Amino acid sequence: MYKRLDRNDQCWCGSGKKYKSCHAAFDDKIIKYEHQGMIVPSRHLFKTEKDIEGIKKSAVINMAVLDEIGEKIHAGMSTQEIDDIVMNTTKKMGGIPADLGYQGFPKSVCTSINEEVCHGIPSEDIILREGDIVNVDCSTILDGYYSDSSRMFCIGEVSPEKKRLVDVTKECLEEGLKAVIPWTPIGDMGNAVHQHALKNGYTVVREIGGHGCGNDFHEEPFVSFVSEPGTGMLMVPGMVFTIEPMVNMGGNEIFVDEENDWTVYTADLKPSAQWEVELLVTETGYELLCW
Ligand code: MF3
Ligand code: CO
């Protein structure tokens, strides 16, 4: 249950101000929604100004790395070379690749090609070819703050069908962003993403989604992109989470590589695409922190 403090206590947010002149009204609003049966975020999910500055600095590195990959990615390159860029540039800028060693993940970045949905492991043996669509999903830690984003790259000429999948997946993310309206449930946002994919004849992966992010890699809530309107956690100003739908050209079923226990594929081996951004919920909408 959400708890008020005494009016003259110091506010829980660390501002040093008295509760009554800081977050008291904010808490009343949350309690009102909780009484209506909504799932409300716990306090530790609200980022302070300091947290947001820290996440933004981490994101500067993450985005510089993805920019550099955008300049250098080409047919004939191995995905290990992408991993090397991530490691070298992240280190040079003072950060740490968050993927490396995360739950035993062996590399610094995920590179997922065509029918690979996510968690592709870079390798010297995997060579990018003309016509591939590749998701590069990069995450950085700087001073304990996490940034997380991913982009799609088309290698040379890709088929119109794959190009359309890449473009529509980006539109799905943009539809989700339009639905980041403070004090509304996150299920509305996920539903907006899903509907746009369905309208275009695609499906959305159900088992894997977005997440709270910033002070840790994966925080609450789990962010579904196949959610029903009116469900899930309330999007409250101060929360930071990712939107990162995985959109499939064919069916939504997936399986995990039995040999490496990481890489996720579409069951029908048809292509899949994903874009990811990290955002802050604000009083008026959202602010992108990492893309
Ligand atoms: N970057 C992914 C995400 O968007 C997580 C990758 S975890 C790893 O949440 F271990 F596979 F790197
Ligand atoms: Co993520």
Side-chain angles (χ1 to χ4, degrees), residues 45 47 55 58-59 61-66 69 79-80 82-87 89-90 95-113 116-123 126 134-142 145-153 169-170 172-173 176-177 180 186 189-190 193 204-227 233 239-247 254-265 272-281 286 288-291:
L45 295 180
K47 270 56 183 176
I55 297 166
S58 172
I61 301 176
N62 211 62
M63 296 191 286
V65 169
L66 285 172
I69 288 161
T79 52
Q80 179 59 47
I82 295 176
D83 196 80
D84 293 341
I85 294 172
V86 173
M87 180 48 109
T89 301
T90 305
I96 303 165
D99 286 359
L100 187 61
Y102 175 77
Q103 295 189 352
F105 191 77
K107 296 284 174 171
S108 297
V109 66
C110 297
T111 50
S112 307
I113 307 171
E116 294 174 350
V117 172
C118 64
H119 303 163
I121 302 176
S123 163
I126 301 174
V134 190
N135 174 272
V136 179
D137 189 340
C138 192
S139 311
T140 300
I141 314 172
L142 180 70
Y145 292 108
Y146 288 76
S147 53
D148 188 7
S149 60
S150 83
R151 302 181 193 167
M152 293 300 296
F153 299 101
T169 303
K170 194 169 198 184
C172 287
L173 191 159
L177 285 174
V180 180
I186 202 161
M189 183 285 297
V193 171
V204 176
V205 171
R206 318 179 78 84
E207 297 87 339
I208 316 164
H211 49 94
C213 190
N215 297 35
D216 206 339
F217 199 171
H218 295 111
E219 303 173 357
E220 271 192 285
F222 171 74
V223 181
S224 168
F225 304 106
V226 293
S227 45
M233 194 179 279
M239 288 170 70
V240 171
F241 62 86
T242 68
I243 299 184
E244 50 175 316
M246 294 159 212
V247 177
I254 55 172
F255 69 94
V256 180
D257 193 308
E258 277 184 15
E259 308 221 308
N260 67 29
D261 233 10
W262 272 107
T263 309
V264 177
Y265 302 85
S272 182
Q274 178 182 29
W275 293 85
E276 174 177 22
V277 299
E278 179 175 355
L279 62 89
L280 168 70
V281 182
Y286 65 88
L288 285 181
L289 300 181
C290 191
W291 60 90

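What you see is a predicted model, and the numbers here were worked out from it, not measured in a lab. First listed ligand is number 1; within each ligand, the first listed atom is number 1.
Taking the six-membered ring where the residue is Trp, Phe217 and Tyr102 present perpendicular rings, their angle passing 60° and hence far from 30°.
Remark: the His211 side chain and the Glu220 side chain contain no N/O donor-acceptor pair separated by less than 3.5 Å. With hydrogens and angles left out, the side-chain atoms of Asn135 and Ser150 include a donor and acceptor closer than 3.5 Å.
When Asn62, Asp148, Thr242, Thr90 are each tested for a side-chain hydrogen bond (donor to acceptor under 3.5 Å, both in side chains) with Ser139, only one passes: Asp148.
A distance-only check finds a donor-acceptor pair linking the side chain of Ser58 to the backbone of Thr140 [under 3.5 Å].
When the options Phe217, Trp262, Tyr102 are ranked by their closest heavy atom to atom 5 (C) of ligand 1, first place goes to Phe217.
Near the Co ion (ligand 2), less than 2.8 Å away, sit the protein N, O or S atoms Asp148 OD2, His211 NE2, Glu244 OE2, Glu276 OE2.
Residue-level proximity to ligand 1 for Asp148 is carried by the side chain, the only part with a heavy atom below 4.0 angstrom. By the criterion of a heavy-atom distance under 4.0 Å, the side chain of Asp137, and not its backbone, is placed next to ligand 1. Contacts of Cys110 with ligand 1, taken as heavy-atom pairs under 4.0 Å, involve the side chain alone.
Within the structure, the closest approach of Lys107 to ligand 1 does not fall below 4.0 Å when heavy atoms are considered. Heavy-atom distances between Gln103 and ligand 1 stay at or above 4.0 Å for every pair.
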- request: Start with the C-alpha gap between Leu280 and Ile55, add the side-chain angles, then the distance that decides, and say whether side-chain contact (heavy atoms from CB on, under 4.5 Å) holds.
  value: CA-CA 10 Å; Leu280 168 70; Ile55 297 166; over 6 Å; no
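Considering only non-hydrogen protein atoms, atom 9 (O) of ligand 1 sits nearest to His218 NE2, 2.8 Å.
Once rounded to the nearest 0.5 Å, the distance linking CZ of Phe153 with CG of Leu66 reads 5.5 Å.
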